[in-house]
Amino acid sequence: MTQQNIHASGLSDVGNNNALTLLLVTISSLILAILWYKFKPSNSSSNGAPPLPPGPRSLPIVGYIPFLSSSLHTQFVSIAQTYGPIFKLKLGSKLYIVISNPELSKEVVRDQDDIFSNRDQSVAGLTLTYDGQDIVISNNNPNWRKLRKIFVHEIQSHKNLEATISFRRDEVRNCVKTIFGKIGTATNVREIVFSTETNILIRTIWETSLDKGGVKDQNLGAKIDMVATNIVKIFARPNLSDFFPFLARFDLQHVERDMQMQHDKMDELFTTIIEDRIQYNLKKSKDEGKNDGKKDFIEILLEYKDEKDGKPLSITQMKALLMDLMIAGTETTATTVEWAMTHIIGDRNIMNKIQEELAEVVGLENKVEESHAPKLKYLEATIKETLRMYPIVPFLIPRSPSKTCTVGGYTIPKGCTIILNVWSIQRDPHYWENPLEFRPERFLNTSWDFKGTNLVYFPFGSGRRICAGLPMAEKMLMYILASLLHSFDWRLAKPEEHNIKEVFGIAIKKKTPLICIPSQRLSDKSLYM
Ligand code: HEM
């Protein structure tokens, strides 16, 4: 080959190379474009806004629904291990964002609390609460603010809690008396505590009407217990109407129908109570009213109904509020007591420490009073540890942002559902040493409280929507547990059946009920009467 030819061929090689390179670049670009289109992160956004959080791939239409397990709390921990502390899930046509670390929780419940103070309103929730006219399910609106203010300032105020101390004392003593009648026999602690809590709430709500021709049904507590239990069970049923709102009108799984039935039973009761009281008040003179002294909750609410300034409270709003109290106040406390007793009975060392403290503070010749509570530090630490391992409402009550915003650098679209996995945060080894060990000592001499200030521990929620019944819950847990453990020694009915298996739902419950045998601890029998 001549030099010229070599050059020519070289040139032509260059020419050929250029053409080849161009072809390769074009094909590569095409392939890359196709690959990018096909595998682009599904969360990237085209308008320059931050992307949606990452999350597992899901099927068309149904999204991730077919892959959901019955133990969502543990399943969400596994998903977070792959996708990080904030991930998204598409369930039907709805977008869920799950958050499982304190830093991101803080962005929701503190830094942007106002934006995140609406609720994700499920069909069952709306059906139960007169279309969200209550506190728990209502969005952040003037109605919610008013009801919450009445509840927190009137019912949960220090003054009112002091004024209603005798109701709690009577009912907790009845509880001790009932258990005394069961000494030596297998006893379901949760059932007894549930009834005690129901009776306390009934008396706090309409004490005087029991004396004044109102509802006198002896089995009222048991009936309410049954309805409340049914309601919690219905809440635990996943509902297609929530995942596909356009299906809601068909109520394919009858969740709405079943909830309506329970709602109607409670509604009938509340209507009777309120009407009886209105009639009674109409009959009595104003002066008589002033002499009454103690006001129960119905009386307080009726004053707001007749309010001259501002917007009076409607009867429906009153009933919605009563519904909240009876449901939110019973299940939570009874379940917490059951978990605490499970661990206390399962660990003789913990039981001894609590009982020694009670003997010292209360004395073996006395009954427990609420006023002993501030000195019962080990018992308090045991309750805190119980609520660390078993935050009864494991995902809090889901919230929904009122406008599109960002959390952790990701876009959070308006109207999606926010789940804060407090259960996983409170068991995260990153924040808790040996988190699966039940160790009350970790709460001794520390500043942890229930106010949700440190988002490593917030079993009652945090921010604007923190549990409105917190002051009462704290008192009840201390008083009931102190009375049960001061008055009785406890052992498991079947020690081989000791277990701490959970069932996930709107409340985190024991898989099998705690059945145990009480024995008399105080020598003076009159302390049980
Ligand atoms: C162990 C007992 C209890 C626990 C663990 C508990 C826990 C909670 C939690 C986690 C929330 C949601 C907070 C959030 O979304 O950030 C809540 C809300 C609420 N709780 Fe409780 N609760 C308990 C007892 C009670 C009691 C005794 C009452 C009433 C007598 C009550 C009334 C309420 C109400 C009305 C709300 C709704 C607050 C709102 O949405 O503004 N709770 N509770």
Side-chain angles (χ1 to χ4, degrees), residues 99 105-106 108-110 113 116-121 125 128-129 132-141 143-152 154-157 160-161 164 167-168 190 193-194 196-198 200-205 228 232 297 320-340 383-384 386-400 417-423 425-426 450-452 455 457-481 506-509:
I99 291 176
S105 301
K106 178 174 171 286
V108 172
V109 295
R110 305 211 74 96
D113 193 17
F116 285 99
S117 56
N118 280 347
R119 288 287 187 213
D120 171 55
Q121 301 184 309
L128 182 68
T129 61
Q133 294 200 54
D134 68 329
I135 300 181
V136 181
I137 300 295
S138 169
N139 280 331
N140 177 357
N141 57 33
N143 172 46
W144 170 75
R145 285 193 288 276
K146 179 172 186 149
L147 282 190
R148 192 170 162 118
K149 200 167 145 202
I150 295 173
F151 185 64
V152 171
E154 301 278 10
I155 301 294
Q156 300 288 307
S157 68
N160 193 57
L161 287 175
T164 49
F167 304 158
R168 296 191 291 279
R190 183 174 191 285
V193 172
F194 201 114
T196 305
E197 185 67 26
T198 309
I200 290 170
L201 286 171
I202 290 176
R203 292 188 62 184
T204 310
I205 293 170
V232 173
F297 192 26
L321 189 46
L322 298 187
M323 191 74 84
D324 275 0
L325 300 196
M326 295 315 299
I327 308 305
T330 46
E331 181 75 23
T332 45
T333 319
T335 309
T336 308
V337 169
E338 189 181 34
W339 278 118
I383 293 172
K384 285 184 174 159
T386 305
L387 284 165
R388 181 190 68 79
M389 285 191 75
Y390 311 97
I392 301 304
V393 194
F395 291 166
L396 305 185
I397 301 171
R399 301 178 184 217
S400 181
T417 303
I418 304 292
I419 289 177
L420 298 178
N421 192 347
V422 63
W423 183 89
I425 295 174
Q426 294 186 171
F450 290 133
K451 294 187 186 126
L455 293 161
Y457 183 70
F458 57 122
F460 288 89
S462 179
R464 259 161 243 241
R465 305 252 17 183
I466 193 171
C467 174
L470 173 53
M472 188 170 181
E474 243 183 307
K475 275 191 188 300
M476 290 310 311
L477 289 172
M478 283 297 283
Y479 192 29
I480 293 179
L481 276 166
I506 188 167
I508 200 111
K509 291 167 72 163

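These numbers come from a predicted model, not from an experiment. Just follow the structure's listing: the first ligand is 1, and inside any ligand the first atom is 1.
- What sits closest to atom 40 (O) of ligand 1 on the protein, heavy atoms only, is Arg119 NH2, 2.8 Å.
- Given atom 4 (C) of ligand 1, the protein heavy atom at minimum distance is Phe460 CE2, 3.3 Å.
- Proximity of Thr336 to ligand 1, defined as any heavy-atom pair under 4.0 Å, is confined to the side chain (atoms from C-beta onward).
- Side chain of Arg119 to main chain of Val136: a donor-acceptor pair is present (N/O by atom type, distance under 3.5 Å, no hydrogens or angles).
- The pair Lys509-Glu331 counts as a salt bridge, with a side-chain nitrogen and a carboxylate oxygen less than 4.0 angstrom apart.
- Using a non-hydrogen distance threshold of 4.0 Å, Trp144 registers as a contact of ligand 1.
- Looking only at protein heavy atoms, the nearest one to atom 13 (C) of ligand 1 is Arg465 O, 3.1 Å.
- Near Ile397, meaning under 4.0 Å from any of its heavy atoms, are these atoms of ligand 1: 12 (C), 15 (O), 18 (C).
- Panel note: side chain Asn139, backbone Asn141; no donor-acceptor pair is recorded below 3.5 Å.
- Considering both main-chain and side-chain atoms, Arg464 never comes within under 3.5 Å of ligand 1 through any nitrogen or oxygen pair.
- The closest heavy-atom contact to atom 2 (C) of ligand 1, among the options Ile155, Leu325, Thr332, Val109, comes from Thr332.
- Under the 4.5 Å side-chain criterion, counting only non-hydrogen atoms from C-beta, Tyr390 is not in contact with Thr335.
- No donor-acceptor pair closer than 3.5 Å links the side chain of Asn140 to the backbone N or O of Asn118.
- Rounding to the nearest 0.5 Å places CZ of Phe297 at 9.0 Å from CG of Asn160.
- Contacts with ligand 1 closer than 4.0 Å are made by backbone heavy atoms (N, CA, C, O) of Ser462 only, the side chain lying farther away.
- If you number the atoms of ligand 1 from 1 as listed, the ones under 4.0 Å from a heavy atom of Gly461 come out as 10 (C), 13 (C), 16 (O).
- At distances below 3.5 Å, at least one donor-acceptor pair connects side-chain atoms of Gln156 with backbone N or O atoms of Met472.
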For this session: Would you sort out whether Tyr457 and Lys384 count as a side-chain contact (heavy atoms from CB on, under 4.5 Å), showing the intermediate values?
Result: CA-CA 9 Å; Tyr457 183 70; Lys384 285 184 174 159; 3.5 Å; yes

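- The closest protein non-hydrogen atom to atom 39 (C) of ligand 1 is Arg148 NH1, 3.4 Å.
- For the side chain to side chain contact (heavy atoms under 4.5 Å, CB included) with Ile99, the lone residue among Ile425, Leu420, Asn421, Val109 that qualifies is Leu420.
- Close approach to Ala328 involves these atoms of ligand 1, each under 4.0 Å from a residue heavy atom: 24 (C), 25 (C), 26 (C), 31 (C), 32 (C), 33 (C), 42 (N).
- Remark: minimum distance from atom 21 (Fe) of ligand 1 to any protein heavy atom is reached at Cys467 SG, 2.3 Å.
- On a distance-only criterion, Asp324 and ligand 1 share no N/O pair closer than 3.5 Å.
- The option with the heavy atom closest to atom 16 (O) of ligand 1, from among Arg399, Lys475, Met472, is Arg399.
- The closest donor-acceptor contact from the side chain of Arg110 to the backbone of Ser462 lies at 3.5 Å or more, if one exists at all.
- Side chain to side chain, Ser117 and Arg399 fail the donor-acceptor criterion of an N or O pair below 3.5 Å.
- The nearest protein atom to atom 10 (C) of ligand 1, hydrogens excluded, is given as Pro459 O, 3.4 Å; this is a heavy-atom distance.
- Side chain of Trp339 to backbone of Ile508: a donor-acceptor contact under 3.5 angstrom is found.
- Here the heavy atom of the protein found nearest to atom 37 (C) of ligand 1 is Val136 CG2, 3.6 Å.
- Checked by distance only, ligand 1 and Gln156 stay at 3.5 Å or farther apart across all their nitrogen or oxygen atoms.
- For atom 28 (C) of ligand 1, the nearest non-hydrogen atom of the protein is Gly469 CA, 3.6 Å.
- Using a distance-only test at 3.5 Å, with no hydrogens or angles considered, a donor-acceptor pair links the side chain of Gln426 to the main chain of Phe458.
- For ligand 1, the atoms sitting less than 4.0 Å from at least one non-hydrogen atom of Ala473 are 2 (C), 24 (C), numbered in the order shown with element in parentheses.
- Ligand-side atoms of ligand 1 in range of Gly329: 26 (C), 27 (C), 28 (C), range being under 4.0 angstrom from any heavy atom.
- With a 4.0 Å cut-off on non-hydrogen atoms, Met476 does not touch ligand 1 at all.
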